[in-house]
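Scroll down for the structure; my scribbles are underneath it.
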Amino acid sequence: MTPVFQRPLDLGVDIVLHSATKFLGGHSDVVAGLAVVKDKDLGARLAFLHNSFGAILGVQDSWLVLRGLKTLQVRMEASSKAAETIANWLNERNEISRVYYPGLNTHPGREVQEQQSTSHGAVLSFEFSKREQAKFFVENVNLPVFAVSLGAVESILSYPATMSHGSMPKEEREKRGISDGLLRLSVGLENVDDLLNDFKHALELMDS
Amino acid sequence: MGYKHLETNLVQLGNRSDAKTGAINPPVYFSTAYRHEGIGESTGYDYSRTGNPTRHLLEDGIAQLEGGDNGFACSSGMAAIQTVMAMFKEGDEIIVCQDLYGGTYRLFEQGWKHWGVSFHYWDGENYDELQTLVTASTKAIFIETPTNPLMQEINIKQVSEVSKRNDLLLIVDNTFFTPLLQRPLEDGANIVIHSATKYLGGHNDVLAGLIVARGEELCEKIAFFHNGIGASLSPLDSWLLIRGMKTLALRMKKHEENAKVLEQFLRNHSAVTEVLYPKKGGMLSFRVKNEEWINPLLKQFKLITFAESLGGVESLITYPTTQTHADIPEVLREKYGVCKRLLRLSVGIENEEDLIDDISQAFSTVL
């Protein structure tokens, strides 16, 4: 969500964490993490560990994140707007059994999301009933890059079962709803029609 | 890859790594993620935290230089130590040399001690006593050699006899000597750690840490935590470090020449009571006669910079009492020799006469 859409410290949270590799950096060119607190004592404790562990961010990388942050607002607005369109479009397709996106009326978390955030975000997941269908889709879309990670100017399609959640045992994964037919899409800054045409093409191929 | 002489391997780091263009200086791969052809397919690169082509050149390079199986590049020397420490758990005991960098001491005493690991300190001299510190819970021996800042030389082979006999991991911080002067893995160590910010980088412009280990199982464990913790070195910093390492052999030679000249000069100076120099490398420490002279001296140096680091081309002088070793309790520090009259000098590669002139003029103001 990033602070553009959601500010957890204002909602009573003690520590906010970011993989700044994602939206904050936003350009698939820097690996970074951020922690933010507003309590002085807690801050001092984190500062001690930050220095002692030495897992600090390099200066060039700090600069790269700063450079990314300058366009965060416009990137987040554009990507989440496109994500909303794509989620609704996918939700209408018969090939897809389920779409997970907080902006859908059917999404169980929508109410909570709207209370604490000003957007539904730029990431969505959708599910095919069979692994083979997910595989076919991945192999036949051209625009989104099939890779791990998210939150970039480029749209990124991921397969959680073997990528982000590959280190989780299959049983545990499926218990959480991360099935073999599930794909995650991080929507970038491409024209939304180009993305939809690409998806449409892949789904129509699947139907034939 | 691998030539007989280390300096050749250092200079050639990254060359011939890019067949497509023939680039002599290796490209920096900024990409955080790598495209997969399909499900279950990979080029070998997926996500930059786990593996990065630029970082791999550095990691393979240091592994070869140290004679290890795998190298791991981290965001700082302390991040390298933290990554190695992640292998230990509550109840484990580690034997540590008494004289060591204050930051390492702080991580052990104020960090890992709270998480249930205990540390037993060894004087670094009595090898019979080392065996008596081993208990059923001892898992590792962690040493620096030469130690920081007292320049105590610990015999790695002799320590490794104890570590092997008791099935312990021997971890050696090789920051001061680098693989050019000392290769701990060949002397029986299991893991070598570097603050590569120091001699390996050598230009005071990049923070980095390196780990090298021998043995497949051990390397896999470290790889797991290296990726799991994520304190990995960025591509640009990896490239800067490679850039620095190319001149390590030349720099180290000059550091050592200068250090030997300064050692003699300081030994013969009436303001100095002791000089601690291990006869190799570019680091030395010395005690001045009077504690009251320390601050005026530090203010008086014109060429040598009063700062908290070492191993760079510029000469730096450090006051362990208030800088690098401030986190070690004073009573303990005084007991083993890090007294208030001690200064640590990282001898740079300036002309030795200019260095001597600077020290002379500074001493002349307090004598």
Side-chain angles (χ1 to χ4, degrees), chain A residues 19-22 25-33 45 48-65 68 131-142 144-152 154 156-164 166-167 180-181 183 186, chain B residues 28-43 45-50 52 55 74-83 85-86 103-112 195 197 205-209 224 227-241 327:
Chain A
S19 169
T21 312
K22 311 301 179 322
H27 291 70
S28 302
D29 59 4
V30 56
V31 174
R45 280 162 70 192
F48 173 81
L49 291 169
H50 190 228
N51 180 45
S52 301
F53 283 9
I56 43 74
L57 192 64
V59 288
Q60 305 264 5
D61 292 340
S62 299
W63 177 83
L64 272 174
V65 174
R131 180 184 184 275
E132 290 67 36
Q133 290 172 299
K135 190 168 182 285
F136 185 92
F137 186 79
V138 165
E139 284 166 1
N140 287 282
V141 288
N142 297 311
V145 60
F146 183 53
V148 302
S149 201
L150 61 96
E154 307 89 358
I156 299 174
L157 187 64
S158 306
Y159 185 56
T162 61
M163 290 178 168
S164 55
S167 49
D180 286 346
L183 292 171
S186 165
Chain B
V28 184
Y29 287 85
F30 282 102
S31 188
T32 53
Y34 293 83
R35 187 170 62 85
H36 290 185
E37 280 292 333
I39 292 173
E41 294 177 52
S42 168
T43 59
Y45 293 101
D46 307 305
Y47 188 60
S48 189
R49 167 164 45 75
T50 318
N52 175 282
R55 201 177 80 219
C74 301
S75 53
S76 69
M78 290 312 303
I81 293 176
Q82 172 66 9
T83 300
M85 285 302 296
T104 309
Y105 179 86
R106 176 179 57 206
L107 179 66
F108 290 174
E109 288 297 311
Q110 295 180 52
W112 282 91
S195 169
T197 313
D205 60 3
V206 57
L207 226 59
F224 174 83
N227 177 49
I229 293 174
S232 48
L233 192 65
S234 76
L236 206 114
D237 290 341
S238 298
W239 176 85
L240 265 177
L241 189 49
D327 281 306

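Keep in mind that the numbers below use all heavy atoms, side chains included, and drop hydrogens, waters and symmetry copies. Treat the numbers as computed from the prediction; the structure is a model and nothing was measured. To find a chain, count down the sequence lines: A is the first, B the second, and so on, and within it residues start at 1.
Atom OG of B:Ser234 sits about 11.0 Å away from atom CG of A:Asp29, to the nearest 0.5 Å. Taking CZ of B:Phe224 as the start and OG of A:Ser167 as the end, the distance is 8.0 Å to the nearest 0.5 Å. Atom CG in A:Leu183 sits 6.5 Å away from atom CD1 in B:Ile39 (nearest 0.5 Å).
The candidate from A:Asn51, A:Leu49, A:Leu157 with the greatest count of non-hydrogen atom pairs under 4.5 Å with chain B is A:Asn51. Contact count against chain B (heavy-atom pairs under 4.5 Å) is highest for A:Gln60 among A:Gln60, A:His27, A:Arg131. Each of B:Glu37, B:Gln82, B:Met85 has some count of heavy-atom pairs under 4.5 Å with chain A, and the biggest count is that of B:Gln82.
Only the side chain of A:Thr21 comes within less than 4.5 Å of a heavy atom of chain B; its backbone N, CA, C and O stay farther away. Proximity to chain B (any heavy atom under 4.5 Å) is restricted, for A:Leu64, to the side chain, taken from C-beta onward. With a 4.5 angstrom heavy-atom cutoff, B:Tyr34 touches chain A only via backbone atoms. With a 4.5 Å cut-off on non-hydrogen atoms, B:Leu207 touches chain A through its side chain but not through its backbone. Both the backbone and the side chain of A:Val31 come within contact range of chain B, with heavy atoms under 4.5 Å apart. A:Tyr159 touches chain B through its side chain: at least one heavy atom from C-beta onward sits under 4.5 Å away, while N, CA, C and O do not.
No donor-acceptor pair closer than 3.5 Å links the side chain of B:Ser75 to the backbone N or O of A:Leu57.
With a 4.5 Å cut-off on side-chain heavy atoms, A:Phe53 and B:Leu107 count as touching. For the pair B:Arg106 and A:Phe48, the minimum side-chain heavy-atom distance is below 4.5 Å.
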